[in-house]
Amino acid sequence: EVQLLESGGGLVQPGGSLRLSCAASGFTFSNYALSWVRQAPGKGLEWVSAIIGSGGSTYYADSVKGRFTISRDDSKNLLYLQMNSLRVDDTAIYYCAKQTGTTVKYSLHYWGQGTLVTVSS
Amino acid sequence: QSVLTQPPSASGTPGQRVTISCSGSSSNIGSNYVYWYQHLPGTAPKLLIYNNNQRPSGVPDRFSGSKSGTSTSLAISGLRSEDEADYYCATWDDSLSVWVFGGGTKLTVL
C-alpha cells in the first residue's frame, strides 16, 4: 500500500525558512516522479513543484521559483521541499503526491494527508 | 486566475446526473491526459479519473470522464450525499512546463 506522510510544517515569520519532508513507503521510491501541491485557506489546489524519478530535472510554479527547492533522497525514501523567503501568501496545507511514472507529466496518483505551513508575524 | 476554467459551483438532487466542465488550451488539455480529483477539506485529494476517462480501482462507475479537443468533463450519475465535495481538473501544460489545475467546482447535493 502506497503511503505518503508529510512533516515539517509550522508557524514561521515572513522572510523565514522551513523544510518540509515527505516519507514514502509501499513502492520503489526511485522509480517515480513526485510533486508538492498546496491549498491556501479558502483557495483551490495549486501545484508547487515536481522532481523526476531518480532526481535530476526539477520544475517549479512561477510563484515559488527562486525561493523553493525540491529534492529527494532515494536511499531514505524521502522527498523534501526547502522553502526560503517565505511570504504570507505561502500559507497553505502542503501535500506531497506520487506520480505514475518517472516523468512529471503523468498522474498525481497518490497523495499524503498534508502538513500546514503558516507564515505570519 | 486559473489556467483551466471550471464553474465555481454545481448542484443536484440525490439520484440525478451532474456534469462538471473544464476548459483549457492546446498546450494543456489539448495535448495531455486530464485528471479529476475529489477533495474534502482537511483530507487528501482523491484521484477520480486518470488518462481522461479511466477510473482507479475503488472509484464507483457512477463517475466518468470525457475529453474533446481542449475541453473535458466529469459526470456523476446517481448522485449521493457523500459526493458533496470540491472537484478539480488538472493536467500538464507543455508550454509552461507546469501542472495546471482548474479553480475547483463545489458540488452541493440538495
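Fair warning: this is a prediction, and the values are worked out from it, not measured in the lab. First the proteins, then the strands, lettered A, B, ... as listed; each starts at 1.
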>> Quick check on the 6.0 Å ring-centre criterion: do B:W92 and A:Y59 meet it?
In response: yes

> How about B:Y37 and A:W111: are their ring centroids closer than 6.0 Å?
Replying inline: yes

In the single-linkage hydrophobic clustering (I, L, V, M, F, W, Y; side-chain heavy atoms under 4.5 Å), do [X] and [Y] co-cluster?
X: A:V37; Y: A:L79; answer: no
X: A:W36; Y: A:Y80; answer: no
X: A:Y60; Y: B:W99; answer: no
X: A:I70; Y: B:V100; answer: no
X: B:I76; Y: B:V109; answer: yes

Residue pair [X] / [Y]: nearest heavy atoms and the distance that separates them:
X: B:Y50; Y: A:S107; value: CB-OG, 4.2 Å
X: A:K43; Y: B:Y88; value: O-OH, 4.1 Å
X: A:G112; Y: B:A44; value: O-CB, 3.1 Å
X: B:T43; Y: A:Q113; value: CA-OE1, 4.1 Å

> Tell me, side chain or backbone of A:L4 under 4.5 Å from chain B's heavy atoms, or both, or neither?
Replying inline: neither

> What part of A:Y106 is in contact with chain B, defined as an atom under 4.5 angstrom from a non-hydrogen atom: side chain, backbone, both or neither?
Replying inline: both

> Is any residue of residues 8-25 of chain A within less than 4.5 Å of chain B by heavy atoms, and which ones?
Replying inline: none

> Which residues in residues 91-104 of chain A have any heavy atom lying under 4.5 Å from a heavy atom of chain B?
Replying inline: A:Y95, A:Q99, A:V104

Atom [atom1] of [X] and atom [atom2] of [Y]: how far apart are they, to the nearest 0.5 Å?
X: B:F101; Y: A:E46; atom1: CZ; atom2: CD; result: 9.5 Å
X: A:K105; Y: B:N32; atom1: NZ; atom2: CG; result: 4.0 Å
X: B:Y35; Y: A:L108; atom1: OH; atom2: CG; result: 8.0 Å
X: B:D86; Y: A:L45; atom1: CG; atom2: CG; result: 8.5 Å

> Does the side chain to side chain contact (heavy atoms under 4.5 Å, CB included) test come out yes or no for A:Y110 and B:K46, once each step is laid out?
Replying inline: CA-CA 7 Å; A:Y110 297 93; B:K46 175 185 177 181; over 6 Å; no

> Going through the checks in order, is the side chain to side chain contact (heavy atoms under 4.5 Å, CB included) test met by A:W47 and B:V98?
Replying inline: CA-CA 8 Å; A:W47 174 83; B:V98 299; 3.4 Å; yes

>> A quick test of your reading: do over 12 heavy atoms of other residues, nucleotides or ligands sit less than 6.0 Å from CZ of B:R62?
In response: yes

>> How about OH on B:Y33, more than 12 heavy atoms from neighbouring residues, nucleotides or ligands closer than 6.0 Å, or not?
In response: no

>> Under 4.5 Å from any heavy atom of chain A, what part of B:N51 do you find: side chain, backbone, both or neither?
In response: neither

